[in-house]
Amino acid sequence: MQEKAVVVREARHEDLFRVVEINRICLPENYPYYFFQHLLERYPGCFIVAEVDGEIVGYIMNRIEKGMSSFNPSPFRLVKKGHVVSIAVMPEHRRKGIGKMLLKWGLRAMKEYGAEEAILEVRVSNEPAINLYKKMGFIIVKTIRGYYHDGEDAYLMSKRIVEEAE
Ligand code: ACO
Ligand code: ZN
């Protein structure tokens, strides 16, 4: 049987109910509808979905922030960072490269917003996601103790997305 084509594109307003549903199925970190809506309205180029057969099976939702660099921290030089707020792929569509495609698109979009670095938090036990991020060039910057509501620690992971200025 032939593999079905995956379509990756920017999210639209009418996609949000499905995105919220995927988030609830795939992750314990859930947010109210208006949070998704806000991020789509504020950073439309950074909110990406993947479709198979016209059905959304995954998403990545990002936000642009200003803060200290993970690589060269200085309170005197704030950098624009793309923050991966949430990424998920439906269980039956995993291990087919969709997560990687979503992250690639997301990183490219952040760069277009002028972000120099990408950051994210991930549960220290979330091996699939940590592997995906490492594969895409993220490194573990630090451990944030008790970051999640159930007490689990997070890794803060980061990746430089533009070359450092000379
Ligand atoms: N075990 C080990 N490594 C894995 C696994 C796994 N189960 N899944 C993915 N990887 C790694 C592998 O290195 C893989 O490359 P390979 O298949 O060539 O070996 C690489 O990641 C890319 O895999 P994809 O197929 O592109 O990833 P997928 O489409 O399966 O999506 C994702 C990965 C998004 C992490 C998925 O497992 C998922 O939705 N998990 C539940 C939600 C979640 O944990 N999201 C991240 C939370 S943190 C945050 O949102 C900032
Ligand atoms: Zn975060």
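First listed ligand is number 1; within each ligand, the first listed atom is number 1. All figures in this text were calculated on a predicted structure; none of them were measured in a lab. When reading the values below, keep in mind they use all heavy atoms of this one structure, side chains included, and skip hydrogens, waters and symmetry mates.
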Counting distance only, does the side-chain N/O of [X] pair as donor-acceptor with the main-chain N or O of [Y] below 3.5 Å?
X	Y	result
Asn23	Glu29	yes
Ser69	Val79	no
Lys134	Ile139	no
Asp153	Gly146	yes

For [atom], grab the closest protein heavy atom and report residue, atom and distance to one decimal in Å.
atom	answer
atom 2 (C) of ligand 1	Asn131 ND2, 3.2 Å
atom 49 (C) of ligand 1	Tyr133 OH, 3.3 Å
atom 51 (C) of ligand 1	Glu121 O, 3.3 Å
atom 15 (O) of ligand 1	Lys135 NZ, 2.9 Å
atom 26 (O) of ligand 1	Lys100 N, 2.8 Å
atom 33 (C) of ligand 1	Leu132 CD2, 4.0 Å
atom 43 (C) of ligand 1	Leu27 CD2, 3.4 Å
atom 30 (O) of ligand 1	Arg95 N, 2.8 Å

Does any N or O atom in [X] lie less than 3.5 angstrom from one in ligand 1, N or O only?
X	value
Val89	yes
Gly97	yes
Val122	no

Is [Y] close to [X] at the side-chain level, that is, under 4.5 Å between some pair of heavy atoms?
X	Y	value
Leu156	Ile140	no
Leu107	Phe138	yes
His93	Val52	yes

task = Classify the contact between Leu102 and ligand 1 as side chain, backbone, both or neither, using a heavy-atom distance cut-off of under 4.0 Å.
result =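 Neither; no heavy atom under 4.0 Å.
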
Which of the atoms of ligand 1 are close to [X], meaning less than 4.0 Å from one of its heavy atoms?
X	answer
Ala88	39 (O)
Ser86	50 (O)
Asn126	43 (C), 44 (O), 46 (C), 47 (C)
Cys26	41 (C), 42 (C)
Val84	51 (C)

key: Any Lys96 heavy atom less than 4.0 Å from ligand 1   =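 Yes, Lys96 has a heavy atom closer than 4.0 Å to ligand 1.
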
task = Evaluate the salt bridge (charged side-chain N to carboxylate O under 4.0 Å, His left out) criterion for residues Lys4 and Glu51: first the C-alpha distance (whole Å), next the side-chain angles of each, then the deciding distance (0.1 Å), finally the verdict.
result = CA-CA 10 Å; Lys4 286 178 178 156; Glu51 280 180 339; over 6 Å; no

message = Using 30° and 60° as the class boundaries, would you call the ring planes of Tyr59 and Phe36 parallel, tilted or perpendicular?
response =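 Judged by the thresholds at 30° and 60°, the geometry between Tyr59 and Phe36 is perpendicular.
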
ask   = Any idea which N/O/S atom from Glu121 gets closest to the Zn ion (ligand 2)?
value =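 It is OE1 of Glu121.
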
Heavy-atom closest contact (Ile144 atom, Glu121 atom, distance) =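 Here Ile144 and Glu121 meet closest at CD1-CG, 4.1 Å.
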
task = Give the single entry among Met61, Arg94, Lys134 that approaches atom 38 (C) of ligand 1 most closely by any heavy atom.
result =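 When every heavy atom of Met61, Arg94, Lys134 is considered, Arg94 comes closest to atom 38 (C) of ligand 1.
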
key: Minimum non-hydrogen distance to atom 31 (O) of ligand 1, winning option of Gly99, Ala50, Ala129   =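 The nearest heavy atom belongs to Gly99.
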
key: Stepwise side chain to side chain donor-acceptor pair (under 3.5 Å) test for His13 and Gln37   = CA-CA 7 Å; His13 196 261; Gln37 194 178 24; 3.2 Å; yes

ask   = Charged N to carboxylate O under 4.0 angstrom, Glu152 versus Arg123?
value =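 Salt bridge present between Glu152 and Arg123.
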
query = Ring centres of Phe17 and Tyr33 under 6.0 Å apart?
reply =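 Here the rings of Tyr33 and Phe17 have centres that are less than 6.0 Å from each other.
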
